[in-house]
A.B. asks: 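Below you will find the structure I want to go over with you.
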There are 2 protein chains.
Amino acid sequence: MATKTEIRRQELREKLIVIAERTIAQNGLSALRARDLAAEAGCAVGAIYNVFGDLTDLTLAVNARTFHRLGADVAEALADAPGDPVEQLVVMAQAYHHFAASNHLSWRALFDVERPAGEAAPDWYLAEMGQLFTYISDPLAVIFPDRAADEIALLTRALFSSVHGIVLLGLDEASAGVSTDNIDHMIALVLRQFTASPK
Amino acid sequence: MATKTEIRRQELREKLIVIAERTIAQNGLSALRARDLAAEAGCAVGAIYNVFGDLTDLTLAVNARTFHRLGADVAEALADAPGDPVEQLVVMAQAYHHFAASNHLSWRALFDVERPAGEAAPDWYLAEMGQLFTYISDPLAVIFPDRAADEIALLTRALFSSVHGIVLLGLDEASAGVSTDNIDHMIALVLRQFTASPK
DNA sequence: CCCTATAATTGAACTGCGTTCATTGAAGTG
DNA sequence: CACTTCAATGAACGCAGTTCAATTATAGGG
C-alpha cells in the first residue's frame, strides 16, 4: 500500500493549511497565492493540487478551523457565564464580537470565500452552525417557555443574524466611527430589549 | 475647450454604467469583464480607462445608482406607511428586505466591491447612508422620547445592522432554509419586540 | 480650407494569477 | 535487479485587469 506517499501528502496538507491560516490571518484571503504558498511550503505549485482540489478547498479547510475556534470561544464564554439566560445570550454575543475583532481577517474569510452558486454548504459548516444555534436556543427556550419549537428556532436565527449584522457593520471601517465598546453596547441593547417583555 | 471630446466621454461613461449595471444585475459582480464591456459598448478596452480609473470605479458608479434606488424604495414605503412609528420601522425594514431580494446581485455588489483597506467610503455612500439612518432615527425618537440623541443614534445603527444581518443571512442560500415570509417575520419580530417596552 | 501641434483613442502587449499536464523521477513488486 | 505504476514537478496555458507606443482625431492659426 502507499503508506509512504500517504504520509507525505498528509504532512504537506497540514503544512499548507498552517501556512494558509497564517497568511489569511495576517494579510487576508486575497493575499493567498498558489506560488507563494508553494515557495513557503517548499513544494511545487502542482503539489498543492495533489492535496486540495483548488485554493478554495484549502480556504475551506482553514475556515473549518477558524469556525471551530470561534465555536470554542463562544462555548467557553457560556461556561463562565452566570445562570441568567439573558446574560448568557449577551455574554455569548460579545464573545462572538470579540472573536471577530481579534481574528478579523480570518473571520472575514469565513464569508468571503468563493462559494459555487446553488451548492450546499459543507457538512462541517452546518454542524458548527447548528452547535452555535443550540447555544442560543437553549437560553431562549428558558426565557420564552410558552413558545413553540419552530418559533424558538426563528427567534434563534433572528438574534444570531442581528448580532452578526451589528458586528459585521461595526467592524467595517468603511462606514467607520463605531468603537468596540459601542458594538458591545449595541449587542447588549438589542438582546436585553428583545428579551425584556416576554408575552 | 474640449467640447466634442467631453461629450463623447460623457456618453461613453453613461453607456458603460448602463451595461455594467445590467451585467451585475443579471450575472453578478464577478461577471464584469473589461473586454466584454468594451465589446458591448463598441469601444476599445483602453477607452474604459479614459473614463474610469479602473473597474472598481465603474462598479462604484453602479453602486451609487443601486444605493439611490434602494433609498427611494425605502422612502416610498415610508410615505405609504401608517403614522404609527413602530409600523413605520417594520414597513421600511421589509422594504429593505424586498429590495435586496428583488435586486439580489446588485445589492450584493454594494458590499462585495473591492475597497482599498483603510480608505474612507465615498461621499455619496455616506450621504445615502445618512439618509437611511434618518428614516430610522425619526420614528425611534418618537418611540423613545426620553433618550438622548447619541443613544438614539446608537439604537438606529443597532437596528439597521440587525435588519441588515437578518436579510444578509436570510438571502444567503448556503445556509439555506429561510423563506421570504420567514425573513419578514424575523424582521417584524425583532423590531416589534425591540420597541415593545420603552422604559 | 489646409496644415500643424496637441490631445485623445486604440488594441496589442505586459503582468499576475489559478490551474493543467507532459515529462521526470520515485516506489513497490515478482 | 528489472519493470511497472503511480506521484511530483514546473513550464506552459488561459484568462483576467491594466498600460502605453503608435495611430487617429481635434482645434487653432495662417
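The analysis underlying the following values was restricted to heavy atoms, covering all of them including side chains, and did not include hydrogens, waters or symmetry mates. Note that the structure is a prediction, hence the values are computed from the model and not measured. Quick note on labels: first sequence line is chain A, next is B, and so on, each numbered from 1.
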A.B. asks: Side chain of B:Arg9, heavy atoms from C-beta onward: which of D:dG10, C:dT10, C:dT9 has the nearest atom to it?
C.D. replies: C:dT9
A.B. asks: Is it the case that over 12 heavy atoms from other parts of the model lie below 6.0 angstrom from the NE2 atom of B:His68?
C.D. replies: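 It does not: B:His68 NE2 has 12 such atoms or fewer within range.
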A.B. asks: Classify B:Leu37 by what it touches in the nucleic acid, base, sugar-phosphate, or nothing, heavy-atom distance under 4.0 Å.
C.D. replies: nothing
A.B. asks: Name the closest nucleotide to the B:Val45 side chain, picking from D:dT19, D:dT9, C:dT20.
C.D. replies: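 From the listed options, D:dT19 comes nearest.
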A.B. asks: Once you round it to whole Å, what is the distance between C1' of C:dA27 and CD1 of A:Ile7?
C.D. replies: 13 Å
A.B. asks: Relative to the 5' end of DNA chain D, which residue comes earlier, B:Arg8 or B:Leu55, by the nucleotide with the nearest heavy atom?
C.D. replies: B:Leu55
A.B. asks: Quickly work out the A:Arg13 CZ to D:dA7 P distance and round it to whole Å.
C.D. replies: 16 Å
A.B. asks: Tell me which nucleotide among C:dG11, D:dG17, C:dT20 gets nearest to the side chain of B:Tyr49.
C.D. replies: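 The answer is D:dG17.
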A.B. asks: Under 4.0 Å between a side-chain N or O of A:Asn50 and OP1 or OP2 of D:dA8?
C.D. replies: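 Yes, A:Asn50 has a side-chain N/O under 4.0 Å of OP1/OP2 on D:dA8.
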A.B. asks: Examine A:Trp107 together with A:His97 and report whether their ring centres are nearer than 6.0 Å.
C.D. replies: no
A.B. asks: By nearest heavy atom, map A:Arg33 and B:Cys43 onto DNA chain C; which one lands nearer the 5' end?
C.D. replies: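 On the 5' side of the pair lies B:Cys43.
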A.B. asks: Below 3.5 Å, does any donor atom in the side chain of A:Arg35 face an acceptor in the base of C:dG18, or the other way round?
C.D. replies: yes
A.B. asks: Would B:Arg157 count as a cation-pi partner of B:Phe160, with NZ or CZ less than 6.0 Å from the six-membered ring centre and within 45° of the ring normal?
C.D. replies: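 That pair does not qualify as a cation-pi contact.
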A.B. asks: Classify the nucleic acid contact of B:Leu32 as base, sugar-phosphate or nothing, counting any heavy atom under 4.0 Å across all strands shown.
C.D. replies: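 Sugar-phosphate, no base atom in range.
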A.B. asks: Would you check if there is a donor-acceptor pair between the side chains of B:His98 and B:Asp73 at a distance under 3.5 Å?
C.D. replies: no
A.B. asks: To the nearest angstrom, how far is B:Asp36 atom CG from D:dC15 atom P?
C.D. replies: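 Atom-to-atom, B:Asp36 to D:dC15, this comes out as 12 Å.
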A.B. asks: Please state how far atom CG in B:Leu58 lies from atom P in D:dG17, giving the value in whole angstrom units.
C.D. replies: 11 Å
A.B. asks: Over how many whole Å does the gap from A:Leu29 atom CG to C:dG18 atom C1' extend?
C.D. replies: 14 Å
